[in-house]
Structure formats: C-alpha cells, structure tokens
Peer 1: 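Dropping a structure here in structure tokens format, bear with me for questions.
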2 protein chains.
Amino acid sequence: MKRRNTPTKEAVLAVFASTDKAMSQDVIEQKINIDINRATIYRVLNRFCDDGILHKVVAEDGKQYFALCKKCNENEKPLHHFHFRCIKCETIECLPSEVSFSIPDAYLIENVNCVLTGRCQECS
Amino acid sequence: MKRRNTPTKEAVLAVFASTDKAMSQDVIEQKINIDINRATIYRVLNRFCDDGILHKVVAEDGKQYFALCKKCNENEKPLHHFHFRCIKCETIECLPSEVSFSIPDAYLIENVNCVLTGRCQECS
DNA sequence: ATACTAATGCGACATATTCGCATTTAAAAT
DNA sequence: ATTTTAAATGCGAATATGTCGCATTAGTAT
C-alpha cells in the first residue's frame, strides 16, 4: 500500500512545521484552515507515526499527543526522550533529556512513554 | 472531612494486598467478590491516591492504573519509578528503576508518569 | 437513640478514539 | 487523454473510560 499525497496530509504537516510542540487531535484541527474530518485526522496522524514522521505520547490526561520526530528517522534506534506537559498553557514539549533505565534483558521493550507534568518556564 | 471505614474500601484494599501489580478499575472490579458500582470504585481509588495509599499511572493505552505505594508514604518526597506494561498478560508492574532527568529549575514538576511497554519476562 | 455528613448507587453526561461503509480521488496503467 | 485501482476521506455510529449530580444509605460522634 503506497502512500498518496493529499491536501489533508500537507495541511497536517504544515501545522507541525509551525511549532515544535506536541499536539492533540483537537488542537491540530483548530490550527488547520481547511475542514478535515476528525477521524481522518487521526488516521493521518497514525499513518505518520507508522512512517516514523511523527511520534505519539500519551499524557496523564489520557490523551494522545503527536510531535515531529526530529531525530527519530536519522538513527535506526529512536532515542526516547522525556516530554513536559504544562497544565497552565496546556502544551507539551519534547525535552532534550533522554530516558534511561535498567531492566532485565528478558523484558522486550517496544515503547517508552515518559511525561512530566507541571508548569513550564513561562507559566511558573 | 474524616474518612470512614466501609466494606467497599476494605474490599478494594484486599485486592491490592493480594498482588503487587498496578490495576485498572475494571480489573479491580472483577477481582472483588461483592458488587460495587463503577463510580464508587473510582472514588475510592482516587481517595486512596489523595491519602498516599495508592499511586496512579496512565499507560499509553490511555487508561489509569493504580498500585500500592510501598515507599510513597515512608519518605516525604515520593521517589518516582518506572512502570512496565506487558501487552501479552496485560499487567503493569512497578519497576525498581528510578526515574531521573535534568530540567531547568524554572520548571515546576508536579507529577511524573513513566511507563515502558512490551513483553515481560514470562511473556517474552 | 439522634444528628451529621461521608460514602454509595444510579443514571446521565462528557470526551477521546475507533470502525464500517459508501464515496471520492491520487496515481498508475492503458 | 481515459480508464482502472485501491488509498484516502467523510459520515455516523459505536466503544471505552472516567466524571458528575443527586437522592439515599450508613459510619461515627454526641
């Protein structure tokens, strides 16, 4: 199944090009000028995740947030980083701090989801 | 508002006493022999969190999981630890590995939510 | 035994995400 | 340029998780 170029994909990518924050579906929908169905946005976002263009984090509010993979596609192994969610300005940013942990080899790690919550520099 | 002892609270605590895993509301409800309303279970769980008896993590499936605080009430500052969610046996365990990160002082951290996902020792 | 109010049950509500299916449309094939 | 194909979309419904209001029940102190 080859991917096709559509106005929807371009519009979504344009939103991510304008910021380095992670965003939820509803915020993305607000920032897009054209009218795109909610389910379609989710599908586009998930496809981008499959293709390594975006990555997804789930915050402690239970919602999914998507952000551009800056380093994800350069290396084979994505380096997992922390995310910070500000409860005041309600944004999520990717932190440079890398996630490190020790766990027995018998565990197979498929995903890492680390989110810190609080107030960011501007809002504290 | 003083807390009262109720059969519901005892039943929920009994479930946690039987395992060291983190559990979601529906699993807890299954493990309880008596019939307790869903909303009530959530209220009991959240109250236990407020009292430092349980702690809550949100996994990348967007669901809330609750686990006994073994070390949480001993120290003033809770030491945040990683959690591991197995996609096969669908359990979440608290890992001994502590979460450490570096972030500018201007950030106010109110919560730490770190969950690794994959296959546990038994399921890998 | 009585009063006070925390705790519960019930139903409704809110929100986030997914799914099926008919339709549209990008892109390959002719 | 036209036809073909299957990927992408829109729409509505379905699912799931968690919360809330409110009337009722039931601990606990007096």
Side-chain angles (χ1 to χ4, degrees), chain A residues 1-15 22-51 53-67 83 85 87 90-92 111 113 115 117, chain B residues 1-15 22-51 53-67 83 85 87 90-92 111 113 115 117:
Chain A
M1 52 173 116
K2 292 172 188 171
R3 294 283 141 83
R4 296 178 179 175
N5 291 325
T6 67
T8 298
K9 288 176 66 175
E10 288 176 25
V12 172
L13 274 186
V15 171
M23 290 171 286
S24 56
Q25 176 275 325
D26 54 306
V27 170
I28 295 167
E29 185 171 337
Q30 287 170 17
K31 294 196 176 224
I32 292 180
N33 24 4
I34 60 177
D35 214 43
I36 305 178
N37 185 270
R38 195 181 38 182
T40 301
I41 294 180
Y42 274 111
R43 279 184 289 229
V44 169
L45 292 171
N46 285 321
R47 249 177 273 144
F48 279 150
C49 286
D50 292 342
D51 296 347
I53 296 167
L54 296 179
H55 64 279
K56 182 199 292 190
V57 281
V58 176
E60 73 184 54
D61 61 358
K63 290 172 64 178
Q64 302 176 351
Y65 293 82
F66 301 83
H83 298 81
R85 168 167 158 263
I87 54 173
E90 293 182 318
T91 65
I92 291 197
N111 202 5
N113 196 86
V115 183
T117 303
Chain B
M1 52 173 115
K2 292 173 187 171
R3 294 283 142 84
R4 296 176 181 177
N5 291 326
T6 66
T8 297
K9 288 177 65 174
E10 289 176 25
V12 171
L13 274 187
V15 171
M23 290 171 287
S24 56
Q25 177 274 326
D26 54 308
V27 169
I28 295 167
E29 184 171 337
Q30 286 171 16
K31 293 197 177 221
I32 291 180
N33 25 4
I34 60 177
D35 214 43
I36 304 178
N37 184 269
R38 194 182 40 176
T40 301
I41 294 180
Y42 275 111
R43 280 184 286 229
V44 169
L45 291 171
N46 285 322
R47 250 178 271 142
F48 280 150
C49 285
D50 291 341
D51 296 346
I53 296 166
L54 296 178
H55 64 278
K56 182 198 293 190
V57 280
V58 176
E60 73 184 56
D61 61 359
K63 290 172 65 178
Q64 302 177 348
Y65 292 83
F66 300 85
H83 298 81
R85 168 167 159 264
I87 54 173
E90 292 183 318
T91 65
I92 291 197
N111 202 6
N113 195 87
V115 183
T117 302

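Naming convention: chains lettered A, B, ... in sequence-line order (proteins, then strands); numbering from 1 in each chain. Since we're looking at a predicted model, the values are computed, not measured.
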Peer 1: Between side-chain atoms of residues 24-35 of chain A and protein atoms elsewhere (two or more places apart, or another chain), which donor-acceptor pairs fall under 3.5 Å?
Peer 2:
unit_1, atom_1, unit_2, atom_2, d
A/Ser24, OG, A/Asp26, OD1, 2.6
A/Gln25, NE2, A/Glu29, OE1, 2.5

Peer 1: Look up atom CD1 in B/Ile41 and atom OG1 in B/Thr8, then write down how far apart they are to the nearest 0.5 Å.
Peer 2: 8.0 Å
Peer 1: Please give, in whole Å, the distance from D/dG18 C1' to A/Glu60 CD?
Peer 2: 15 Å
Peer 1: Side chain to side chain donor-acceptor pair (under 3.5 Å) between B/Glu10 and B/Asn5: does it pass, once the steps are laid out?
Peer 2: CA-CA 8 Å; B/Glu10 289 176 25; B/Asn5 291 326; 5.9 Å; no
Peer 1: Mapping A/Arg47 and B/Asp26 to their closest nucleotides on DNA chain D, which lands nearer the 5' end?
Peer 2: A/Arg47
Peer 1: Can you tell me how far P of D/dA8 sits from CG of A/Asn46, to the nearest Å?
Peer 2: 13 Å
Peer 1: What is the first contacted nucleotide of DNA chain C and what is the last, in 5' to 3' order, if contact means an atom lying under 4.0 angstrom from a heavy atom of chain A?
Peer 2: C/dA16 to C/dA27
Peer 1: With rounding to the nearest 0.5 Å, note down the distance linking CZ in B/Phe48 to CZ in B/Arg43.
Peer 2: 14.0 Å
Peer 1: Would you say A/Arg85 and A/Asp61 make side-chain contact, with heavy atoms under 4.5 Å?
Peer 2: yes
Peer 1: Using the test side-chain hydrogen bond (donor to acceptor under 3.5 Å, both in side chains), find all partners of B/Lys56 that sit at least two apart in sequence or belong to another chain.
Peer 2: B/Asn46
Peer 1: As an exercise, state the distance from CZ of B/Phe66 to CG of B/Leu45, rounded to the nearest 0.5 Å.
Peer 2: 4.5 Å
Peer 1: Rounded to whole angstroms, how far apart are CE on B/Met23 and C1' on D/dT17?
Peer 2: 18 Å
Peer 1: Can you pull out how bent the helix from C/dA1-D/dT30 to C/dT30-D/dA1 is, comparing the axes over its first five and last five pairs, to 10°?
Peer 2: 30°
Peer 1: Using 0.5 Å steps for rounding, measure from the CG atom of B/Asn113 to the OH atom of B/Tyr65.
Peer 2: 12.0 Å
Peer 1: Below 4.0 angstrom, which residues in residues 30-44 of chain B have at least one non-hydrogen atom near DNA chain D?
Peer 2: B/Arg38, B/Ala39, B/Tyr42, B/Arg43
Peer 1: Nearest heavy-atom pair of A/Glu60 and B/Val58: which atoms, and what distance?
Peer 2: O-CG2, 3.4 Å
Peer 1: How far does CZ of B/Arg47 sit from CG of B/Asp51, to the nearest 0.5 angstrom?
Peer 2: 9.0 Å
Peer 1: Going 5' to 3' along nucleotides 23-30 of chain D, which nucleotides have protein heavy atoms under 4.0 Å from the base (write B), which only from the sugar-phosphate (write S), and which from neither (write -)?
Peer 2: ---BBS--
